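What follows is a short report on a single structure.
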Amino acid sequence: MELDFLCADGEKLTVYTTRPDTLMGVSYLALAPEHPMVGRLMEADPDLAAFVETCRNRGVAEADLATMEKLGRPLGVQALHPLTGAQVPVWVANFVLMEYGTGAVMSVPAHDERDHAFARQYGLPILQVIAPMDGGEWDINERAYTEHGRLVASDAFSGLTSREAFTAIAEALEARGLGRRRRNYRLRDWGISRQRYWGCPIPVIHCADCGAVPVPESELPVVLPEDVVPDGSGSPLAKLASFHAVGCPKCGRPARRETDTFDTFFESSWYYARYCSADNREAMLDARADHWLPVDQYVGGVEHAVLHLLYARFFHKLLRDEGLLNSDEPFTRLLTQGMVIAPTFYRERADGGRDWINPADVEVSRTADGATEARERANGEPVRVGGMEKMSKSKNNGVDPQALIDRYGADTARLFTMFAAPPDLSLEWSDSGVEGAHRFLKRLWRQVYEFTGSQSAAVRPGPDTLGGPARDLRRKLHETIAKVSDDIGRRQTFNTAIAANMELLNEIARLSDSDPAAPALRRECLNAIVLMLAPIVPHVTQALWETLGHDGLVADAAWPAVDTDALAVDEVTLAVQVNGKLRGQIRVPFDMPREAVEAAARADANVLRHLQGQTVVKVIVVPGRLVNLVAKPS
RNA sequence: GCCGAGGUGGCGGAAUUGGUAGACGCGCUAGCUUCAGGUGCUAGUGGGCGUAAGCUCGUGGAGGUUCAAGUCCUCUCCUCGGCACCA
């Protein structure tokens with residue numbers, strides 16, 4: 001809420017707070033350096049003027065703001081507490097923002113971390129007025145207590161909860177005409193202009209008389225000039241008179257075209273909608289955009305998880321309010337994929353800066369004592385090893401996928417990136433991992449060709465006619481189809497989907513050719529693997545699909561179906577634990593009754609050994625999983 | 001500083017609902033194939049003890065809950081990302 005502190009000279013200082021329940025703990029007021037009252041006092045006080053000047057140079061980054069030392073000056077002014085009438089000193093402080101609220105805050109050091117740090121710095125009183133709900137002790141001189149709680153040392157309000165006090169204090173202030181409940185929205189300040197060439201021009205013309213004038217619709221779009229020679233400093237557009245020297249659209253007098261361009265975030269905030277009506281020359285969006293949106297599945301990098309999504313949602317709601325779209329949100333389902341990271345290498349320059357060396361140009365080895373050592377390939381010079389970081393131009397640790405595609409093909413590159421990590425975690429680049437992905441594709445290729453080279457039977461034996469190993473393999477196949485379908489469709493863990501296919505391929509290789517079911521079973525397995533991998537390695541699987549004798553596109557073929565009959569088992573392996581520790585395994589019929597399972601578990605030789613001199617006091621049976629015998633010394 | 005995501009073998013990772021930690025891949029070791037190998041195949045591979053059977057320790061650290069904890073709870077350390085004109 002907003003509340004008023006009257007000053008001795010009759011002037012009113014209005015502050016904004018979200019915690020009126022802490023009002024009785026106010027020990028001073030703090031004003032932003034840009035506050036009008038500070039401006040007036042400054043005229044007669046050169047020291048204060050100098051202080052305000054240093055504050056002006058503060059950084060705007062939140063990181064700087066948060067770590068910056070809290071500094072301030074007393075203004076020599078006293079204000080009156082709106083409820084108690086007590087004198088409250090007024091300070092100017094560098095951490096108070098003029099842009100937010102009223103540019104003045106009531107400081108409660110006991111219950112706000114910033115105020116606490118400031119009070120300690122300048123020896124201002126710290127008055128605790130909120131105690132933890134659970135009645136626990138809190139050393140208020142050590143740290144601020146910022147949670148809600150129960151009021152103490154607050155006259156008539158003592159004993160109320162924060163929530164109750166909020167209302168009670170608000171009503172007391174309103175009754176005296178010294179406060180108003182108000183909702184403040186904190187708007188994110190988005191500087192969309194960039195002083196560079198690349199970017200969409202901002203269609204505004206600045207006129208000395210008319211101010212900022214929009215470029216008339218008939219002259220849109222403003223097109224970037226192509227005769228620009230960037231010299232590496234400042235905005236190239238600002239140096240090009242043919243671009244910026246124009247007449248004012250309103251009064252016709254000489255004016256200057258805006259030379260900043262839009263931040264690329266600006267365009268990326270609504271491209272997903274424009275994409276649906278890209279060929280429309282008359283309007284931003286048409287009915288097609290509304291038909292397709294919201295996006296069913298959006299994929300974006302984690303490093304955009306806050307800003308890009310914030311801006312896209314803002315645009316979407318704006319487009320909705322303008323009647324261009326009917327949906328409230330741009331994306332139904334979001335997958336935030338991890339970054340591609342790679343090692344960094346550098347050499348210190350004489351001036352303390354760093355020259356970054358691309359990992360492709362560095363040879364990493366282990367020295368005799370196990371430490372890693374890195375040398376530049378070209379000249380053998382040692383380089384320093386940095387951490388694993390996001391691939392970037394500035395750290396020169398990018399890997400060009402083209403070299404990989406040239407050597408192994410696009411499918412290998414795709415397979416590796418999907419296999420190395422789940423998509424929402426970061427992906428660590430590894431040359432040998434790429435090699436392994438390529439090896440797997442070669443093995444799959446060979447299995448398909450060796451199979452088609454042999455005579456294959458057309459009959460598909462039912463589960464009843466399969467012998468033990470063939471039956472196990474067929475069960476494995478259908479378990480794999482079930483797992484891969486879930487991994488790709490629901491869990492979106494493509495790495496485990498690929499691993500499951502690798503396992504299946506390993507199993508196929510183990511099946512003996514002398515098994516009468518082998519040809520038909522191999523065909524069933526290879527067909528399924530090719531179909532399951534098609535979304536990940538489309539080119540290789542298309543070729544193998546044809547080799548297996550199918551017409552048309554593998555991409556158009558139906559996803560393999562799970563044969564539930566094949567999943568049936570008649571025996572299961574159970575772990576047997578004694579006091580939670582694994583002591584043996586038993587193989588029992590699938591539907592064996594609990595008592596029989598327990599007896600079988602107790603009969604295991606190693607289990608018996610661990611039960612010597614013990615009495616079993618409890619038995620836990622998790623069906624299909626394990627038996628845990630809880631024993632005590634007898 | 002605040003917010004978010006992570007921490008599991010030599011490495012990337014798996015363990016989906018509290019139920020056999022380390023699937024799959026890389027690397028490494030041995031053997032086979034080959035005139036040859038920067039190829040392929042087979043087997044082994046968390047640490048310690050043991051000929052073996054097996055025992056024991058083990059998921060960043062410290063506590064706790066439970067028959068049972070990588071998974072749940074409390075505290076804590078570390079790394080990366082966002083808060084900057086790469087997007």
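Every chain is numbered from 1, with letters handed out A, B, ... down the list of sequences. Heavy-atom basis, side chains included; hydrogens, waters and symmetry copies ignored. Keep in mind that this is a model prediction, so the values were computed, not measured.
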(request) State whether a side-chain donor-acceptor pair under 3.5 Å links A/Thr496 with A/Asp487. (result)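 Yes, a side-chain donor-acceptor pair sits under 3.5 Å.
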For [N], what is the paired nucleotide under Watson-Crick or G-U wobble rules, both distances under 3.5 Å?
N	result
B/rC83	B/rG1
B/rU59	none
B/rG27	B/rU45
B/rU39	none
B/rG50	none
B/rC72	B/rG64
B/rU17	none

(message) Using OP1 and OP2 only, check whether a side-chain N or O of A/Arg194 sits under 4.0 Å from B/rA84.
(response)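 Result: no.
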(request) Could you check which of B/rG54, B/rG19, B/rG13 has an atom nearest any side-chain atom of A/Arg625? (result)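 When the side chain of A/Arg625 is considered, B/rG19 is the closest of B/rG54, B/rG19, B/rG13.
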(message) Counting distance alone, no hydrogens or angles: does the base of B/rC85 have a donor or acceptor under 3.5 Å from a partner atom on the side chain of A/Gln195?
(response)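 Check passes, donor-acceptor contact within cut-off.
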(message) Let's test your reading of the model: under 3.5 Å, does the base of B/rC55 pair with the side chain of A/Lys581 as donor and acceptor?
(response)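 Flag unset: no donor-acceptor pair detected.
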Same-atom distance ([atom1]) from [N] to [M], integer angstrom:
N	M	atom1	value
B/rG10	B/rG82	P	31 Å
B/rU59	B/rG47	P	16 Å
B/rG58	B/rA21	P	13 Å
B/rG4	B/rU42	P	48 Å

(message) Please compare A/Val630 and A/Thr496 by the position of their nearest nucleotide in RNA chain B and report the one closer to 5'.
(response)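 First, find each residue's nearest nucleotide; the 5'-ward one identifies A/Thr496.
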Before accepting this row, confirm whether a basic side-chain N of the pair [X]/[Y] lies closer than 4.0 Å to the acidic partner's carboxylate O.
X	Y	value
A/Glu267	A/Arg274	no
A/Glu507	A/Arg510	yes
A/Asp472	A/Arg475	yes
A/Glu435	A/Arg439	no

(request) For A/Asn506, report the nucleic acid contact type (base, sugar-phosphate, nothing); a contact means any heavy atom under 4.0 Å. (result)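 The answer is sugar-phosphate, as A/Asn506 gets under 4.0 Å only of primed atoms, P, OP1 or OP2.
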(request) Under 4.0 Å between any heavy atoms, over every strand shown, what does A/Thr336 touch: base, sugar-phosphate, or nothing? Just pick one. (result)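 The answer is nothing, as A/Thr336 stays clear of every strand by at least 4.0 Å.
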(message) I want to verify the glycosidic state of B/rG9; is it syn or anti under the 90° rule?
(response)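 Syn conformation for B/rG9.
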